[in-house]
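Data first, discussion second: the structure below is written as C-alpha cells.
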Amino acid sequence: EPALSIRGLTKVYGNGFQALKGIDLDVQQGDFYALLGPNGAGKSTTLGVVCSLVQKTAGKVKIFGIDIDEDFARAKYHLGVVPQEFNFNQFENVLDIVLAQAGYYGMPRSEALPRAESLLRDLSLWDKRNGSARMLSGGMKRRLMIARALMHRPKLLILDEPTAGVDIELRRSMWDYMRRINRDEGTTIILTTHYLEEAESLCRHIGIINLGEIVRDTSVRELLAEL
Ligand code: ADP
Ligand code: ADP
C-alpha cells in the first residue's frame, strides 16, 4: 500500500474560497516526493489536511492504509511533520523541546534521551542543546523542528517549505540530511516547495499543483527528459 493516498480531496474555506478541487495523489513507500507549485496553489492546505490541522470538505486520505477519518490517532504514529511556521515555545530549552515529543508518543525516557541526542548531533544543534530556542538562528530553528518531527521514528516525514528563507549553504546541508534519512532509513519524504531546482535535485517524483488541482504527476527523470 502507498505511504499516502489521497482521493477526491476538496477544501472550501469558511469564506467560500475553494482551495482544493478534488485532488488525487499517491506517494509510494520509500519515495521522495515534491509537491511543487506557486504561492496559493494549495500545497499547505493539502498537507494541513493530511496532518489533520485543516478540516477537509470532501475526499479520502489514507496514511499507510489507515483512513485519517477513522483512526487519526494511529495514523499519527507513522507521521512526522515539519510545519512552515515555528510552533515551539521559544523560551524552552532545545533538548527539552525535542524530548517533549517523546512524551506524546509514549517513548520511554531511556530510549528518548539517546535518540534526541543523536538527532541534535546529526542536525548540528549539539552545542545549542542546553540553551533556549530563542537564541537559535532561523536555520537552526528549522533544524530543531526536523529533529522534533523525527523523534518517534515516523515512516513518513512531511515538510512544508523546509528551506524557505534558508541560505544556500544551509539549504544544501539540509538536502543532504533529507537524502540520507530517505536512503538509509527508508523514510518516505514529502515536501512542498516552489523551487523547481529543489524538487529536481532531491526528489524522485513531483506533483505539480496549481489553483487547487494537480496538473502533473510524474517522475523527475521524465520531467527532465522533456526539458
Ligand atoms: P476554516 O474554514 O477551515 O474554518 P477559516 O476560513 O475559518 O477556516 O479561517 C481560518 C483562519 O485562517 C482564520 O484565522 C482566517 O483569518 C485565516 N485566513 C483567512 N483567509 C486566509 C488566507 N487567504 N490565507 C491564509 N489564512 C487565511
Ligand atoms: P500554498 O501552500 O500553495 O501557498 P495554500 O494552501 O496556503 O497555498 O493556500 C491555497 C489558497 O487558499 C490560497 O488562495 C489561500 O489564500 C487560500 N487560503 C488558505 N488558507 C485560507 C483560509 N484559512 N481561509 C481562506 N482562504 C485560505
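Keep in mind the model is a prediction, meaning the values are calculated, not measured. The figures that follow rest on heavy atoms only: side chains count, while hydrogens, waters and symmetry mates do not. Remember, it's 1-based here, ligands and their atoms both numbered in the order they're listed.
- Considering backbone and side-chain N/O atoms, G40 comes within less than 3.5 Å of an N/O atom of ligand 2.
- R7 has its side chain out of reach of K62: every pair of non-hydrogen atoms, C-beta onward, lies at least 4.5 Å apart.
- Shown in contact with A41 at under 4.0 Å from a heavy atom are these atoms of ligand 2, numbered in order with element: 1 (P), 3 (O), 8 (O).
- Both tests do not hold together for R143 against Y177: distance to the six-membered ring centre under 6.0 Å, angle to the ring axis within 45°.
- Side-chain contact of Y33 with D217: a donor-acceptor pair under 3.5 Å is present, judged by distance alone.
- Residue N15 touches ligand 2 through its side chain alone, judged by heavy-atom distances below 4.0 Å.
- A heavy-atom separation below 4.0 Å is found between G42 and ligand 2.
- The ligand atoms of ligand 2 that sit less than 4.0 angstrom from a heavy atom of P38 are 3 (O).
- Applying the ring-ring contact (aromatic ring centres under 6.0 Å, His included) test to every pair with at least one member in residues 122-175, sequence neighbours left out, gives these pairs: Y105-H152.
- Enclosure of atom NZ in K56 by more than 12 non-hydrogen atoms of other residues, nucleotides or ligands within 6.0 angstrom is indicated.
- G212 does not count as a contact of ligand 2, since none of its heavy atoms falls under 4.0 Å from the ligand.
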